[in-house]
Amino acid sequence: MSYSVSPLNDVLSKYPEEHVSAVLSSFSCERDKEVELFLREKAIVQEKKQTSRTYLIFDDDAEHLLVAFFAVAVSIIKDEGLKCSSRMLRKMNINEGIAMSYLIGQLGKRDGGAKGLGTFAIERAIGIIVDANAKVGCRVIRIDCRESLIGYYESNGFTLVRSNKEGNLNLLVRIIETGSVPA
Ligand SMILES: CC(C)(COP(=O)(O)OP(=O)(O)OC[C@H]1O[C@@H](n2cnc3c(N)ncnc32)[C@H](O)[C@@H]1OP(=O)(O)O)[C@@H](O)C(=O)NCCC(=O)NCCS
């Protein structure tokens, strides 16, 4: 399988918005309707407002079918209720109760998409964030998920640092371990 990743912003600069919108509306994700709704109704709005950047993953072997996507943004983490090692807390660079972070805000594959597409998307999202980190700093990546996906994100290198009783606002982080100067 061969996939290509296109920034939504680039796609919007090349094709009429109605056309792009129609492609996004063809994306279905029964497992998480919020993910589907984001791509269909919010991704273009947020792109224009510059509150997030969405990346589209196309299957090159299937007539460039839109098979998955992810969205990244910047965020903050309040230090309330964090349950993690002191090493992790130090790495999060908490200042006045707040850690700056990047956010993988949305992630989803099309119904029937190949197993492993999500991990491919996470790796690409992290690659984009690592580029931003090299230019502007900040080494924390956050992801929020429901309880059933905690293990999945842990197996993709994230650490659970806060969970809630409802099970839908679990916070996981991953630290970018790059740079020549250890800290
Ligand atoms: C999450 C996702 C991107 C992972 O894709 P992937 O890397 O190809 O991996 P899989 O689809 O095999 O999913 C990994 C595991 O998570 C489970 N899972 C995936 N989405 C889930 C969901 N919404 N709720 C509960 N479990 C879910 C899968 O059943 C699978 O479990 P298994 O390993 O026991 O079979 C993809 O499954 C997806 O698009 N899910 C629906 C949207 C979603 O939940 N996005 C995450 C929002 S935080």
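Note that ligands are numbered from 1 as they come in the structure, with each ligand's atoms numbered from 1 the same way. None of the values given here were measured: they were computed from a predicted structure.
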Quiz item: So which heavy atom in the protein is nearest atom 29 (O) of ligand 1, and how far is it from that ligand atom?
Solution: Arg31 NH1, 2.8 Å

Quiz item: Counting heavy atoms only, which part of Arg146 comes closer than 4.0 Å to ligand 1: side chain, backbone, both or neither?
Solution: side chain

Self-check item: Any N or O of Gly118 closer than 3.5 Å to N or O of ligand 1
Solution: yes

Self-check item: Connected via hydrophobic side-chain network under 4.5 Å: Val136 and Val130
Solution: yes

Quiz item: Hey, is atom 31 (O) of ligand 1 under 4.0 Å from any protein heavy atom?
Solution: no

Self-check item: Options Arg110, Lys109, Glu30, ranked by nearest heavy atom to atom 38 (C) of ligand 1, top entry
Solution: Lys109

Quiz item: Can you check whether Leu65's main-chain N or O pairs, donor with acceptor, with Asp59's side chain at less than 3.5 Å?
Solution: no

Quiz item: With Asp60, which residues qualify under salt bridge (charged side-chain N to carboxylate O under 4.0 Å, His left out), at least two apart?
Solution: none

Quiz item: Is it true that Tyr55 and Phe58 fall in one hydrophobic cluster, defined by side-chain heavy atoms closer than 4.5 Å?
Solution: no

Quiz item: What do you reckon, does Ile143 put a non-hydrogen atom under 4.0 Å from ligand 1?
Solution: no

Quiz prompt | Winner among Leu107, Asp32, Ile104 once heavy atoms are compared against atom 45 (N) of ligand 1 | solution = Leu107

Practice problem: Considering the heavy atoms of Leu117, write down every atom of ligand 1 situated less than 4.0 Å from one of them. | Solution: 8 (O)

Quiz item: Does the protein put any heavy atom within less than 4.0 Å of atom 12 (O) of ligand 1?
Solution: yes

Quiz item: Under 3.5 Å, is there a donor-acceptor pair between the side chain of Arg174 and the main chain of Ile141?
Solution: no

Quiz prompt | Electrostatic pair Lys91:Glu177 at N-O distance under 4.0 angstrom | solution = yes

Practice problem: Would you mind checking which non-hydrogen protein atom is closest to atom 48 (S) of ligand 1, with the distance to 0.1 Å? | Solution: Tyr153 OH, 3.4 Å

Self-check item: Lys33, NZ atom: more than 12 neighbouring heavy atoms under 6.0 Å
Solution: yes

Quiz item: What protein heavy atom sits nearest atom 24 (N) of ligand 1, and how far off is it?
Solution: Ser148 OG, 3.6 Å

Exercise. May I ask you to check if ligand 1 and Lys115 share an N or O to N or O distance below 3.5 Å?
Key: yes

Practice problem: Enumerate the atoms of ligand 1 whose separation from the nearest heavy atom of Thr119 is less than 4.0 angstrom. | Solution: 7 (O)

Quiz item: Within the side chain of Asp144, is there an N or O that forms a donor-acceptor pair under 3.5 Å with the backbone of Leu169?
Solution: no

Quiz item: Nearest to atom 16 (O) of ligand 1, what protein heavy atom do you find, and at what distance?
Solution: Leu149 CD2, 3.6 Å

Quick one: side chains of residues 99-128, donor-acceptor pairs under 3.5 Å with protein atoms, not counting sequence neighbours, listed by atom name and distance.
unit_1, atom_1, unit_2, atom_2, d
Tyr102, OH, Gly137, O, 2.7
Lys109, NZ, Gly113, O, 3.4
Lys109, NZ, Ala114, O, 3.3
Arg110, NH1, Leu66, O, 2.4
Arg110, NH2, Ser26, O, 2.9
Asp111, OD1, Glu30, N, 2.8
Asp111, OD2, Ser28, OG, 3.1
Asp111, OD2, Glu30, N, 3.4
Thr119, OG1, Asn156, OD1, 3.3

Practice problem: Can you confirm whether something in the protein, heavy atoms only, sits under 4.0 Å from atom 40 (N) of ligand 1? | Solution: no

Quiz item: Would you say ligand 1 has an N or O under 3.5 Å from any N or O of Gly108?
Solution: no

Practice problem: Could you tell me whether the side chain of Arg53 and the main chain of Pro7 form a donor-acceptor pair under 3.5 Å? | Solution: no

Practice problem: Give the numbers and elements of all ligand 1 atoms closer than 4.0 Å to a heavy atom of Ala114. | Solution: 8 (O)

Quiz item: Where is the nearest protein heavy atom to atom 9 (O) of ligand 1: which residue, which atom, and how far?
Solution: Tyr152 CE1, 3.8 Å

Quiz item: Does OH belonging to Tyr152 count more than 12 external heavy atoms closer than 6.0 Å?
Solution: yes

Quiz prompt | Close-contact set for ligand 1 against Gly116 heavy atoms, below 4.0 Å | solution = 6 (P), 7 (O), 8 (O)

Quiz item: Where does the angle between the aromatic ring planes of Phe69 and Phe27 fall among parallel (under 30°), tilted (30 to 60°) and perpendicular (over 60°)?
Solution: perpendicular

Quiz item: Purely on distance, is any nitrogen or oxygen of Val35 under 3.5 Å from one on ligand 1?
Solution: no

Quiz item: Which of the numbered atoms in ligand 1 are below 4.0 angstrom from a heavy atom of Asp144?
Solution: 48 (S)

Practice problem: Under the salt bridge (Lys or Arg N to Asp or Glu O under 4.0 Å) rule, what do Lys48 and Glu17 come out as? Steps first, then yes or no, please. | Solution: CA-CA 12 Å; Lys48 288 180 179 173; Glu17 186 174 324; 2.8 Å; yes

Quiz item: Considering distance alone, does some N or O of Cys29 sit under 3.5 Å from an N or O of ligand 1?
Solution: no

